[in-house]
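This report refers to the structure that appears directly beneath it.
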Amino acid sequence: MRRTGIVAGIGSAVPARTVTNHQLAERMDTSDQWIRSRTGIAERRVIEPGTSTSDLAVEAGLRALRSAGTDRVDAVVLATATPDHQVPATAPAVAARLDLPGVPAYDVSAVCTGFLYGLSSGLGLIAQEAADTVLVIGADAFTTIIDPTDRNTAPIFGDGAGAVVLRAGAPDEPGAVAAMELGSDGRLAELIIVPAGGSRQRSSGVPAAPGDHFMLMQGREVFKHAVVRMTDSARSVLARAGWPLDSVDLLVGHQANARILHSVAEQLGLPPERAFLNLDRYGNTAAGSIPLALHEAAATGVLKPGDRVLTAAFGAGTTWGAACLTWPDVSAG
Ligand code: UT7
C-alpha cells in the first residue's frame, strides 16, 4: 500500500497580549462595529517587543510534539512569510531550539496558504521515505509588517502559530490526507505585497520610501478571489477524495474574514454552522491560521475523531489550496 503522512499530534501558540477593536479605534478612523460587521473579528493577539515568529513556532511545535507523545522528528518544515531574518531561514533555528539539531529544516513561503504548502511538503518527505516523522509548523507575526495605523490591514491581522506532527502510515488510516490541491497566480502579486526589503527594491538603487516595508492589500479584490479559489479547490478535493458534500462535518478554512468563510460554505452548499470560526479572537494569523483553528476545534470537541474535515485557504502570491482528511484520535491538550 502507498505510504503517506498521518496527523499524529497538534498544537498551537498565541501571544498573551490582546488588542481589541476599541483599542484600534483609538489610533485610526475605524470602529468596533465596522470591524465586527465586515470581518467578524473582535480582537487579535500581538507579540511582545523583542519576540518573533520563531518564539511562536517553537511553542506550537513543542505542544504538537507533546500531543504526539514524542520529542523527536526527522524533519521540520516551517511555513511563514514573516521569518525572523531574510537570511537564514527560520526553521533551522526552530529545530535547534526544539533540541533537534541536524535534522533537515526549511521555510516554505506561501503566505496565508503557507500551512497547506508546508503540509504538502511534509507529506512529500514521508512519501519519498526521506523522513518517517515530520513537524509541520505554520507561524506568522504579521503585526511586524503592518502599519499599525492603516485601517485597511491593521484590523484584519494578528500573530499566531499552529503545528502538526506527521508520521508515516497508510492512506486508509484516520489522519491521512485524503486529497490535496494547491495553486498560484503570480499575475495577481500586487494584490497583497510588501513593496520594500526584497532584491527588487534593494537592487533598484532607490532607497525604500517610508512605509514601503509595510504590507499593502487591495482587500475587496482579495475577498472576491478568495471566495472563488477556496470554493473551487474545496470542491476539487472532495471530488478527488470521493466524499459527498453532506459527509463533511466541519469546514476549517483560513481565518481571514467570517464573510469569506460563510460565502465559501454557501457556495459549496454547506450550512454556515459547519464553518468553524475562531477569527473573532485571533484575526488572520496567516500561516498560523489553519493549524490554530484545527487545534482549537479539536481541543473544544467541535472536531471529533472520525469527523471529516475540509480545509481551504487563499493568500498573497496569490496562492490557494484545499485538503480534506478524517480527523484522527489525537490528544489536543
Ligand atoms: O488572508 C488573505 C488576505 N486577506 C484577506 O483575505 C482579506 C480579504 N478582504 C477583506 O476581508 C475585506 O475586503 C476587508 C475587511 C479588508 C474590507 O472589507 P470590505 O467590505 O471589502 O470593505 P471595502 O474595502 O469595500 O470598504 C467599504 C467601506 C469603504 O468606504 P466607502 O468607500 O464605502 O465610503 C472603506 O473606506 O468601508 C471603508 N473602510 C473602513 N471603515 C472603517 C475600509 N476599512 C475600514 C475600517 N474601518 N477599518
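As the structure lists them, so they are numbered: ligands from 1, and atoms in each ligand from 1.
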TODO: Output yes when the distance from some N or O of ligand 1 to some N or O of S31 is under 3.5 Å, and no in every other case.
DONE: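 S31 vs ligand 1: no N/O contact under 3.5 Å.
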
Task: Contact (N/O only, under 3.5 Å) between H254 and ligand 1 - done: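 N/O-N/O distance below 3.5 Å exists for this pair.
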
Relative to the heavy atoms of [X], which atoms of ligand 1 are at a distance of less than 4.0 Å?
X    : result
N284 : 1 (O), 2 (C), 3 (C)
I192 : 3 (C)
P155 : 48 (N)
C112 : 1 (O), 2 (C)
N257 : 10 (C), 11 (O), 12 (C), 15 (C)
F314 : 1 (O), 2 (C)
I260 : 6 (O), 8 (C)
I156 : 15 (C), 16 (C)

Which protein non-hydrogen atom lies closest to [atom], naming both residue and atom, and how far is it?
atom                    : value
atom 9 (N) of ligand 1  : G219 O, 3.0 Å
atom 26 (O) of ligand 1 : R220 NH2, 3.9 Å
atom 4 (N) of ligand 1  : M217 SD, 3.4 Å
atom 39 (N) of ligand 1 : W34 CZ2, 3.4 Å
atom 6 (O) of ligand 1  : A256 CB, 3.4 Å
atom 20 (O) of ligand 1 : R38 NH2, 2.9 Å
atom 5 (C) of ligand 1  : V222 CG1, 3.6 Å
atom 47 (N) of ligand 1 : T30 OG1, 2.6 Å

TODO: Measure from NZ or CZ of R308 to the centre of the six-membered ring of W327 and say whether it is under 6.0 Å with the direction within 45° of the ring axis.
DONE: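 Here R308 fails the 6.0 Å and 45° test against W327.
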
Open item on the list: Could you check whether R97 pairs with D55 (Lys NZ or Arg NE/NH1/NH2 to Asp/Glu carboxylate O, under 4.0 Å)?
Closed with: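 Judged by the 4.0 Å cut-off on N to carboxylate O distance, R97 and D55 do form a salt bridge.
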
Task: Backbone of P155 reached by a side-chain donor or acceptor of R44 within 3.5 Å - done: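 Yes, because the side chain of R44 sits within donor-acceptor range (under 3.5 Å) of the backbone of P155.
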
- [ ] Verify, without hydrogens or angle tests, whether D140 (side chain) and G288 (backbone) share a donor-acceptor contact under 3.5 angstrom.
- [x]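 No, because the side chain of D140 does not come within donor-acceptor range (under 3.5 Å) of the backbone of G288.
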
pair [X]-[Y]: side-chain heavy atoms closer than 4.5 Å:
X    : Y    : answer
R17  : P49  : yes
T39  : L279 : no
L116 : I290 : yes
E43  : N21  : no
M230 : Q267 : no
S12  : E296 : no

Open item on the list: Using every non-hydrogen atom in the two residues, find where R274 and D249 come nearest and quote the distance to one decimal.
Closed with: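 Heavy atoms only, the tightest pair is CD-O, 3.4 Å.
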
Task: Closest contact, heavy atoms only, E173 versus R167 - done: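 Taking every non-hydrogen atom into account, OE1-NH2, 2.8 Å.
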
Task: Any M28 heavy atom less than 4.0 Å to ligand 1 - done: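 Under 4.0 Å: no for M28.
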
Open item on the list: Between ligand 1 and T39, can you find any atom pair, the residue atom being a heavy atom, that is separated by under 4.0 Å?
Closed with: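 Judged by the 4.0 Å heavy-atom criterion, T39 does count as contacting ligand 1.
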
Any protein heavy atom lying closer than 4.0 Å to [atom]?
atom                    : answer
atom 37 (O) of ligand 1 : yes
atom 42 (C) of ligand 1 : yes
atom 23 (P) of ligand 1 : yes
atom 34 (O) of ligand 1 : no

Open item on the list: side-chain hydrogen bond (donor to acceptor under 3.5 Å, both in side chains), that's the test. Do D185 and T318 meet it? Break it down for me.
Closed with: CA-CA 5 Å; D185 185 353; T318 55; 5.2 Å; no

For a quick test of your reading: what N or O donor-acceptor pairs under 3.5 Å do the side chains of residues 123-136 make, sequence neighbours left out?
unit_1, atom_1, unit_2, atom_2, d
D132, OD1, R3, NH1, 3.3
D132, OD1, R3, NH2, 2.8
T133, OG1, D74, N, 3.1

